[in-house]
Structures are given as C-alpha cells and as structure tokens.
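Here's the structure we're looking at; comments come further down.
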Amino acid sequence: MSDPQPLSQTDSVPYRVEPDARAAELAERFHDLPEQSETGVTVTVAGRLMLRREMGRVAFASLHDSSGSIQLFAGRAWTDGFAEFTRLSLGDWITATGEVVTTKTGELSVRVASWQLLARARRGFGDKWHGISDVDTRYRQRYADLWANDGSRRVLLLRSKLVSWIRRWLEDQDFVEVETPIFHPTPGGATARPFTTHHNALDVDLYLRIAPELYLKRLVVGGFERVFEVARVFRNEGLSPRHNPEFTMLELYQAYADYTDMMSITENLVAGAAMQILGTTEISYGGRPLSLSVPWRRATLTDLIAEHAGLTLDLDMADEEMRSAARSVGVTPEPGWGPGKVLLEIYEKTTEARLWGPVFVTDYPKEVSPLARDHRSRAGYVERFEGIVAGRELCNAFSELNDPGEQRLRFEAQAAAKAAGDDEAMSIDEDYLRALDFGLPPTGGLGIGVDRLVMLLADADAIRDVIAFPTLRPETF
RNA sequence: GCGCCUCUAGCUCAAUGGCAGAGCAACGGACUCUUAAUCCGCAGGUUCUGGGUUCGAAUCCCAGGGGGCGCACCA
C-alpha cells in the first residue's frame with residue numbers, strides 16, 4: 001500500500017474550530033425538506049469523514065460527529081479546494097461550512113463552500129461495511145473500534161447515562177456521594193484476593209481495595225447517614241467474559257434501614273434505570289425476555305435450593321447429612337468447610353445459574369457472611385440477600401453487623417481461615433473495630449455491580465463490551 | 001492453572017496436501033446528485049513464530065505465542 005499523497009492543508013491545521021451545528025440537530029431541524037431544497041441557512045459542522053462517493057465534478061461524503069452523521073455535498077463549482085477534498089482519507093477529521101440543502105434524492109446535506117482539515121487518519125481502518133470484528137483488535141485498539149463500530153460507542157454512552165442517572169436518583173433521596181481510599185492497609189469488605197503495591201516513602205505495603213464497604217460504614221459512624229460511592233475496585237482473579245480485574249461497584253449505606261429497605265432501593269433503582277434509559281422495564285437479555293418491573297420476587301436461599309435441586313436443607317441438620325447432600329449434587333466438600341459454606345456451594349452449583357429472575361435470594365449462612373448482622377429470627381443465618389438477574393449476581397446487601405464484639409469474633413474466624421490457607425479470607429481490621437466501638441446505628445448496605453447492570457441494559461454478553469479499556473495481556477511491540 | 005477452538009493482504013473472508021485469492025480500503029484514472037455509488041487500471045503476503053513429515057505444507061504433526069469459549073475462581 002502506498003501512502004496517500006500529502007495534503008497541503010496539513011500545514012495549516014487550526015488550533016480551534018467553532019462548529020455551530022451538529023448532525024443530529026440538523027436532521028431534527030430539517031427532517032421534512034423536499035428534494036433540492038435550499039434553506040438559506042449556512043452552518044459549520046465538524047467531525048470525521050466516514051464514507052465518500054466521488055462523481056467527477058461533485059463529491060459526497062458522510063461526516064460523523066458524536067451526535068450522528070450528515071452528508072457533505074462538494075462540487076468543483078462551489079467548493080474551495082475541491083481537488084484536495086476528493087483526496088481526503090476516510091477517517092480524516094474536517095470542518096466544513098456551507099448551506100444546508102437537500103439533494104436530488106432528498107438527502108439532507110451541507111453544500112460545502114469551504115472546509116479545513118483538522119487531523120489526518122494515517123492508518124488504515126476497518127472494512128466500511130463490516131467494521132472491525134476481530135475481538136482482540138476491538139479491545140486493544142478501542143479508539144479504532146469506537147468509530148468503526150457504532151454499537152461499541154452506544155454501549156459506553158449507555159453506561160455514562162446510567163451512572164449519571166443513578167447519581168441524580170440517589171442525591172434526590174439525600175444520599176451523599178463520597179470518595180474513600182483505594183489504597184488499603186488492610187484489605188476488607190469482601191472475600192477476594194487483592195493486588196498489592198508498595199509506598200516507598202512510608203515503606204509499607206498497601207492493597208488496592210477489593211471493596212469500599214468498611215470505609216463507607218466508618219463514614220456512617222461519623223454521621224453521614226446516607227452515603228454512596230461509585231467505586232472502582234480491584235480483585236486479583238482470573239479474567240472471563242463476566243470478570244475484569246478492575247470493575248465498578250456502586251455501594252450505598254443508609255442509617256436506620258435494614259436489608260428489606262435495600263431490596264426496595266435495588267428494585268426501584270434497576271427498574272427506574274431501565275425506564276430512564278430504555279423506556280421500559282420489559283427488556284430482553286440474550287434473546288430471553290426479562291421483566292425488571294417492581295416488585296421482585298423474594299425467596300430464601302434454602303427454599304430456592306428445594307425448588308431447583310429438590311433438596312430440603314437447613315443449617316440445623318447433621319453435618320454429615322449436609323455433606324452427603326453436597327456430594328449428591330457433585331460438590332466435593334473440603335475439610336475446612338462448615339455447614340454454611342457447604343450450603344452455599346450447593347446453592348451455587350445447583351440453583352444460582354437457573355434463576356432467571358429477577359429474584360432476591362435471602363438469608364445466607366452466617367459462616368460465609370462476616371459483615372452481615374444475625375438474622376432476627378433464623379439461627380445460623382444473617383440478614384443478607386443477593387439480587388440474581390439472568391442467572392448472575394447483580395448485587396449483594398445486608399443489614400449491617402454493628403456489634404463490635406460480634407464483628408471481632410467474625411474477623412477472628414476469617415483470620416483463622418486465612419491462616420489455614422484461604423487467601424481470600426478477610427483480615428482483622430482493628431481500626432474498623434475501633435470505629436464500631438463509637439457506635440454504628442442500624443444500617444442497611446448495598447453493593448451493585450455497575451458493569452453487570454450495564455451489561456443487562458445493553459444486552460451485552462461480555463463485560464469487556466461495557467468497559468472502555470478492559471484488562472488484556474500487555475501487547476509487545 | 002486445565003481443556004477445546006482459533007490466527008491467511010490494512011479490514012472482512014476464501015483456498016483441506018498441488019501456482020496463496022476475492023470484496024472493501026489504498027494507489028492511478030473516468031464520471032455534475034451519490035447512499036456500502038459505479039466503472040477501468042495498478043499494487044498489496046514471514047499464511048502468528050520455530051521445528052518436523054512430505055517430491056510438495058496456509059492445509060498434517062510437535063513446541064511456543066496471541067485471542068476466544070468452557071472449567072476453576074469470583075461480582
């Protein structure tokens with residue numbers, strides 16, 4: 001491939017331009033003009049040249065800006081620098097000024113009187129019909145994917161609108177957005193393997209947060225009765241279509257509330273977001289219909305296991321009976337597992353993926369929920385739920401454990417598991433225990449996977465589609 | 001980490017053991033109303049890499065690399 005001829009205008013690229021019209025606005029304003037109209041309206045547009053059709057002494061081009069696309073209509077008779085206009089490359093950024101007209105076929109166009117090159121596209125790009133479909137190229141060269149593939153851009157736009165709406169919605173309910181540390185001296189708030197880093201001046205190892213939870217609850221102790229954070233969190237685990245090592249959690253905490261309040265917030269937030277962004281709560285995911293309308297079903301974990309696996313289980317049954325039930329469904333209990341862990345494994349193996357939902361799975365074993373408060377009426381369980389949608393966990397919430405003595409016991413159990421080799425178990429966070437000593441009121445807490453919510457609303461089957469720059473193995477050049 | 005699949009021109013893809021091709025993009029040209037414009041012409045390759053089998057390998061085998069999917073882990 002030989003290089004395109006240099007354009008003389010590359011030497012005079014402006015530092016700023018002032019377009020006064022956008023493609024979508026023009027389409028809106030002039031949508032019903034008859035063929036060969038002249039509006040007398042002169043506009044300046046700017047964007048990227050995406051298609052070009054040359055006809056000798058006239059030429060058509062599609063100019064894309066962030067709002068959409070508008071046709072440029074250039075001709076030797078009326079366009080300054082017409083010869084150079086026809087030598088523009090697809091992908092070049094230009095600005096053009098001219099009258100808004102329609103062509104013989106009725107296509108709304110800017111009849112270019114003058115134009116300027118803003119930036120050249122020096123690299124080849126995707127097939128104009130197929131775009132770029134190689135998944136590796138799409139994620140590695142997102143800058144190319146985003147303008148070659150309309151759908152990629154739409155998903156990221158949807159994400160932006162979603163997060164923006166969530167902020168407004170929570171602020172309207174007196175939730176305060178806060179920012180808490182990403183460097184944690186003690187990783188906590190979730191069971192996951194953290195990334196480690198090192199601070200040179202302090203000469204201490206720090207961990208990238210796996211959850212903001214413990215800091216947000218410290219703020220509740222400090223008097224912030226309703227807080228939330230849109231928190232990037234980091235977990236040192238494998239990559240998959242549904243897992244990226246860094247992802248975004250919405251966590252919120254509300255004083256004086258319990259987990260039933262969190263269910264209400266969750267279903268209203270998700271249904272509201274769907275209404276706001278898609279205009280309906282009746283969506284389709286992966287070709288299957290899904291109703292997000294309120295209220296969502298609520299069912300206990302043990303009832304759902306009975307429903308889907310035909311096993312009637314409870315934590316008061318004999319240990320060996322529970323383990324034998326696990327083996328009957330293909331779960332091999334490990335020696336360190338207590339009955340709560342075995343029960344959870346049975347649920348995950350037999351039930352979770354079958355829950356199309358949405359459904360609130362309630363009442364988890366205390367053993368696997370070190371930060372949740374004891375259930376007010378079921379021994380061995382805590383007041384916790386996960387919201388399952390399309391077979392996946394969308395959120396996790398509980399009535400927060402606010403008793404410092406009980407919290408210490410839970411931490412100690414976690415530390416013992418860690419000492420026994422569970423490198424995802426929590427450590428004892430003495431400062432958090434000290435904070436609880438000052439008094440955490442009854443509090444409901446909720447964490448929603450923002451990426452997964454975007455996937456749901458965008459009907460995306462891979463988390464990489466909803467993250468602008470997903471984690472990939474570094475490229476070697 | 002394990003298993004399966006995959007990698008060919010800038011992009012999208014053919015060629016299944018017998019001369020590596022097409023469309024688009026690029027480059028040169030024609031065309032005064034196109035819509036993935038059309039037409040003519042020209043050029044474009046470490047077939048991911050390295051070995052092996054074979055008269056002959058994009059194709060079969062081995063090893064390595066990138067990616068995808070599944071499992072495991074998790075949200």
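Sequence lines set the chain letters: A, B, ... in the order given, protein chains first and strands last, and positions in each chain run from 1.
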| message | On the six-membered ring of F469(A), is R142(A) placed so that its NZ or CZ lies under 6.0 angstrom from the centre and within 45° of the ring axis? | response | no
| request: Round to the nearest Å and state the distance from E393(A) atom CD to C73(B) atom C1'. | output: 13 Å
| To the side chain of L51(A), which of A36(B), G67(B), A26(B) is closest? | A36(B)
| said: Students often mix this up, so state it plainly: with edges at 30° and 60°, are the rings of F73(A) and F60(A) parallel, tilted or perpendicular? | reply: parallel
| note | Paired to A25(B) by Watson-Crick or G-U wobble criteria (both distances under 3.5 Å) is none
| said: If you go through the side-chain atoms of D127(A), does one of them form a donor-acceptor pair with the base of G10(B) closer than 3.5 Å? | reply: no
| request: Ignoring hydrogens and angles, tell me if any N or O in the side chain of T79(A) forms a donor-acceptor pair with the backbone of V112(A) under 3.5 Å. | output: yes
| field | R384(A) CZ to A75(B) C1', straight-line distance once rounded to whole Å | value | 11 Å
| What distance, rounded to whole Å, do you find between the two C1' atoms, one in C73(B) and one in A36(B)? | 45 Å
| request: Under 4.0 Å between any heavy atoms, over every strand shown, what does D134(A) touch: base, sugar-phosphate, or nothing? Just pick one. | output: sugar-phosphate
| field | Lys/Arg N to Asp/Glu carboxylate O, D134(A) vs R138(A), below 4.0 Å | value | no
| said: With a 4.0 Å cutoff (strictly under), does any side-chain N or O of R242(A) reach OP1 or OP2 of A75(B)? | reply: no
| Parallel under 30°, tilted from 30 to 60°, perpendicular over 60°: which one fits the rings of Y432(A) and F411(A)? | perpendicular
| request: Could you give the distance separating G56(B) and A20(B) at their P atoms, to the nearest angstrom? | output: 15 Å
| task | Any chance you could lay out the salt bridge (charged side-chain N to carboxylate O under 4.0 Å, His left out) test for D258(A) and R373(A), step after step, and finish with the verdict? | result | CA-CA 10 Å; D258(A) 68 5; R373(A) 186 168 174 177; over 6 Å; no
| note | In this structure, CG of L371(A) is separated from OG1 of T191(A) (nearest 0.5 Å) by 9.0 Å
| request: Return the 5'-most residue of the pair N244(A), T137(A) with respect to RNA chain B, ranking by each residue's nearest nucleotide. | output: T137(A)
| field | Whole-Å distance separating the CD1 atom of I70(A) from the P atom of U34(B) | value | 17 Å
| task | Report yes if the ring of F60(A) lies under 5.5 Å from the six-membered base ring of A37(B) with planes under 30°, and no otherwise. | result | no
| field | Identified pairing partner of A63(B), criterion: Watson-Crick or G-U wobble below 3.5 Å | value | U49(B)
| Whole-Å distance between U34(B) P and R111(A) CZ? | 16 Å
| task | Determine the contact category for I463(A): base if any of its heavy atoms lies under 4.0 Å from a base atom, sugar-phosphate if only primed atoms, P, OP1 or OP2 are that close, otherwise nothing. | result | base
| Contact class for T103(A) vs. all strands (heavy atom < 4.0 Å): base, sugar-phosphate, or nothing? | base
| message | What's the closest nucleotide to the side chain of S240(A) if the choices are A72(B), U32(B), A75(B)? | response | A72(B)
| Which nucleotide in the set A36(B), U34(B), A75(B) lies at the smallest distance from any side-chain heavy atom of K128(A)? | A36(B)
| note | Taking a pair to mean Watson-Crick or G-U wobble geometry with both distances below 3.5 Å, G1(B) pairs with C71(B)
| query | Paired with A20(B) by Watson-Crick or G-U wobble geometry, both distances under 3.5 Å: which nucleotide is it? | reply | none
| field | Donor/acceptor link under 3.5 angstrom from Q71(A) side chain onto base of U34(B) | value | yes
| task | Measure from CG on L344(A) to C1' on A75(B) and round the result to the nearest Å. | result | 13 Å
| query | Any side-chain N or O of R473(A) less than 4.0 Å from the OP1 or OP2 oxygen of G67(B)? | reply | yes
| query | What's the CG-C1' distance between D150(A) and A36(B), to the nearest Å? | reply | 15 Å
| request: Determine the interatomic distance between P on C48(B) and the same-named atom on G10(B); round to the nearest Å. | output: 12 Å
| Contact class for G131(A) (heavy atom, under 4.0 Å): base, sugar-phosphate, or nothing? | sugar-phosphate
| What is the nucleic acid contact for R140(A), judged by heavy atoms within less than 4.0 Å: base, sugar-phosphate only, or nothing? | sugar-phosphate
| said: I'd like the P distance from C62(B) over to U6(B), given in whole Å. | reply: 13 Å
| task | Identify the nucleotide, in any strand shown, that forms a Watson-Crick or G-U wobble pair with G44(B), with both distances under 3.5 Å; if there is none, say none. | result | none
| note | Comparing nearest nucleotides in RNA chain B, the 5'-proximal residue of the pair A462(A), K349(A) is A462(A)
| request: Round to a whole Å and report the spacing from CZ of R138(A) to P of C11(B). | output: 15 Å
| Of the nucleotides G67(B), U12(B), C31(B), which one has an atom closest to the side chain of M55(A)? | C31(B)
| R167(A)/E177(A) ion pair, N-O < 4.0 Å | yes
| message | By the 4.0 Å heavy-atom rule, please label E424(A) as base, sugar-phosphate, or nothing. | response | sugar-phosphate
| field | Side chain of S133(A) (C-beta onward), nearest among A25(B), C33(B), U12(B) | value | U12(B)
| message | Categorize F73(A) for me: base, sugar-phosphate, or nothing, with a 4.0 angstrom heavy-atom threshold over every strand shown. | response | base
| query | When the distance from NE2 of H130(A) to P of G10(B) is rounded to whole Å, what number comes out? | reply | 18 Å
| message | Give me the distance, rounded to whole Å, that separates G21(B) from U47(B) when you measure between the P atoms they each carry. | response | 13 Å
| request: Pick base, sugar-phosphate or nothing for E107(A), based on heavy-atom distances below 4.0 Å to the nucleic acid. | output: base
| field | Under 3.5 Å on both distances, the Watson-Crick or G-U partner of A58(B) | value | none
| task | Please determine if a side-chain N or O atom of R53(A) lies less than 4.0 Å away from the OP1 or OP2 oxygen of U34(B). | result | no
| note | The nucleotide from A75(B), U12(B), G67(B) with an atom nearest the side chain of E237(A) is A75(B)
